[in-house]
Each structure stands twice: as C-alpha cells, then as structure tokens.
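Worksheet: one structure, shown below.
This one's a predicted model, so the numbers in the text were calculated from it and none came from an experiment. Residue numbers count from 1 along this sequence. The basis for the numbers below is simple: all heavy atoms, side chains too, and nothing from hydrogens, waters or symmetry mates.
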Amino acid sequence: MIEFYLDGRSGVSPYLQLVQQVRHALRLGLLREGDRLPTVKDVVARLALNPNTVLKAYRELEHEGLVAARPGIGTFVTRTLTDASLAAHGRLRKDLLRWLAAARLAGLDDESIEALFMSAFRTSSQEDIA
C-alpha cells in the first residue's frame, strides 16, 4: 500500500501531491490493479489534512480511470501506467542512487540536488524537442 507524504516547500497543493504520488506509483509498478489506496480517514489522520482534500484527489484519480471507489470497502486501483520501459527502471534507479550519493559527497544539499537535476532535466527535454 502507498504511504502518502506532503512537501510543504514544493508549492504544489496537497491534493495534487496525492494525485502525483499515485500516478508515480502506478508508473513505477509500485501500485497494481486491485491494490487498495489508504482510506480517507487514514490519510487525514496521518497527514492532518481536510477530508475534502483527500476526496478531491481520489475523485480526480477516479475521473482519470485510474481508481474506483467501492462504497464501504475502499478505493482500488483499476489500471496501471507502467509500460515496456519498466524493465529498465532497476538499473536506472541504481545509477541515479549513485549519482545522488556523489552529489551529497560533493556537498550539495537536497534543494541544490533538486535544482541541479531539474535544470539538467529541462535542458535534456529542450534538446529532445530541437
């Protein structure tokens, strides 16, 4: 089961953070069809959120066809976002973990690492377009 977290520094609304975390878990194969999402009550208790925030996130995921609510039972994954690239994730994750360790050894803090990664990611994305 997925464990949600909130990043107060991200500038992204809490409901959207929940949606993104479910999408990421579906894309990485961490959530599969039939898996149950945490109950609204559990998420509210763990993250100190308004229940409507969690419900909004779950409704958006349901609207996208990713989950389905079963009244009295819970909210369940109805489809995944994994593709053929999933097989490469393990090796790429190891490479990324090595890169993160090197960045920390170089003295970068989390915010600097994120800024460097996002800068490189955007540059790479722009090069793919050109």
Side-chain angles (χ1 to χ4, degrees):
M1 184 182 297
I2 191 170
E3 281 198 35
F4 293 116
Y5 59 90
L6 293 178
D7 181 358
R9 300 176 307 123
S10 73
V12 177
S13 68
Y15 102 89
L16 196 50
Q17 288 186 50
L18 299 179
V19 170
Q20 289 174 342
Q21 288 171 43
V22 170
R23 284 187 194 137
H24 290 168
L26 291 169
R27 192 166 310 283
L28 296 173
L30 302 173
L31 281 175
R32 301 180 190 279
E33 285 183 45
D35 285 351
R36 183 174 170 220
L37 295 183
T39 65
V40 172
K41 184 178 178 180
D42 288 345
V43 177
V44 166
R46 188 173 188 293
L47 300 178
L49 286 174
N50 184 309
N52 290 328
T53 301
V54 182
L55 288 168
K56 182 177 180 180
Y58 283 14
R59 275 193 307 270
E60 182 166 325
L61 291 163
E62 191 167 15
H63 179 72
E64 294 175 11
L66 299 173
V67 302
R70 298 182 192 155
I73 300 173
T75 302
F76 295 84
V77 174
T78 55
R79 72 179 178 99
T80 66
L81 296 173
T82 59
D83 58 21
S85 71
L86 184 60
H89 288 193
R91 181 182 49 80
L92 293 170
R93 182 169 166 46
K94 282 182 183 177
D95 291 346
L96 184 55
L97 289 171
R98 274 190 231 111
W99 181 85
L100 288 168
R104 286 197 173 87
L105 279 173
L108 278 70
D109 61 9
D110 287 352
E111 195 169 329
S112 297
I113 290 171
E114 183 179 359
L116 179 60
F117 176 84
M118 290 309 296
S119 172
F121 180 76
R122 285 188 192 100
T123 300
S124 171
S125 296
Q126 290 170 355
E127 289 173 359
D128 289 343
I129 293 171

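In Arg93, the CZ atom is not crowded: 12 or fewer heavy atoms of neighbouring residues, nucleotides or ligands sit closer than 6.0 Å.
Cluster annotation: Leu55 is connected to Leu6 through the hydrophobic network of ILVMFWY side chains, with a link wherever side-chain heavy atoms come within less than 4.5 Å. When the side chains of ILVMFWY residues are joined at heavy-atom separations under 4.5 Å, either directly or via intervening members, Leu30 and Ile2 end up in two distinct hydrophobic clusters. Transitive grouping of hydrophobic side chains (ILVMFWY, heavy atoms separated by less than 4.5 Å) brings Val40 and Leu16 into a common cluster. The hydrophobic clustering, which links ILVMFWY residues whose side-chain heavy atoms are closer than 4.5 Å, places Leu81 and Val19 together.
Pairs passing the salt bridge (charged side-chain N to carboxylate O under 4.0 Å, His left out) check and including a residue from residues 32-47, sequence neighbours excluded, read Glu3-Arg46.
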>> One pair to check against side-chain contact (heavy atoms from CB on, under 4.5 Å): Leu96 and Leu92. What are the steps and the verdict?
In response: CA-CA 6 Å; Leu96 184 55; Leu92 293 170; over 6 Å; no
>> Run the side-chain contact (heavy atoms from CB on, under 4.5 Å) test on Trp99 and Ile113 for me, step by step, so that the C-alpha distance in whole Å, both residues' side-chain angles and the decisive distance to 0.1 Å come before the verdict.
In response: CA-CA 10 Å; Trp99 181 85; Ile113 290 171; 3.8 Å; yes
>> side-chain contact (heavy atoms from CB on, under 4.5 Å), that's the test. Do Val44 and Asn50 meet it? Break it down for me.
In response: CA-CA 6 Å; Val44 166; Asn50 184 309; over 6 Å; no
>> What verdict does the side-chain contact (heavy atoms from CB on, under 4.5 Å) test give for Thr39 and Val54, after you've listed the backbone C-alpha separation in whole Å, the side-chain angles of each residue and the deciding distance to 0.1 Å?
In response: CA-CA 9 Å; Thr39 65; Val54 182; over 6 Å; no
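Residues forming a side chain to side chain contact (heavy atoms under 4.5 Å, CB included) with Met1 (at least two apart in sequence, or on another chain): Pro38.
Of all heavy-atom pairs spanning Tyr58 and Thr75, the tightest one is CD2-OG1, 3.7 Å. Of all non-hydrogen atoms in Gln17 and Val12, the two that sit nearest each other are NE2-O, 2.8 Å. Contact between Thr53 and Pro14 at its shortest, heavy atoms only, is CG2-CB, 4.0 Å.
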Solution key, residues 60-74 side-chain donor-acceptor pairs under 3.5 Å, sequence neighbours excluded:
residue, atom, partner, partner atom, Å
Glu60, OE1, Tyr15, OH, 3.2
Glu60, OE2, Arg23, NH2, 3.2
Glu62, OE2, Ala69, N, 3.3
Glu64, OE1, Arg23, NE, 3.2
Glu64, OE1, Arg23, NH2, 3.3
Glu64, OE2, Arg23, NH2, 2.3

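Proximity of Leu37 to Val22: side-chain heavy atoms (C-beta onward) are separated by under 4.5 Å at one or more points. Thr82 has its side chain out of reach of Arg27: every pair of non-hydrogen atoms, C-beta onward, lies at least 4.5 Å apart. Considering only heavy atoms from C-beta on, Leu116 comes within 4.5 Å of Leu108 through its side chain.
Atoms CD and OG, on Gln20 and Ser10 in that order, are 7.5 Å from each other to the nearest 0.5 Å. One finds the CG atom of Leu31 at 10.5 Å from the CD atom of Gln21 (value rounded to the nearest 0.5 Å).
Asp110 has a carboxylate O that lies under 4.0 Å from a charged side-chain N of Arg104, or vice versa, which qualifies the two as a salt bridge.
Ser124 places no side-chain N or O within donor-acceptor distance of the main-chain N or O of Ala120, the cut-off being under 3.5 Å.
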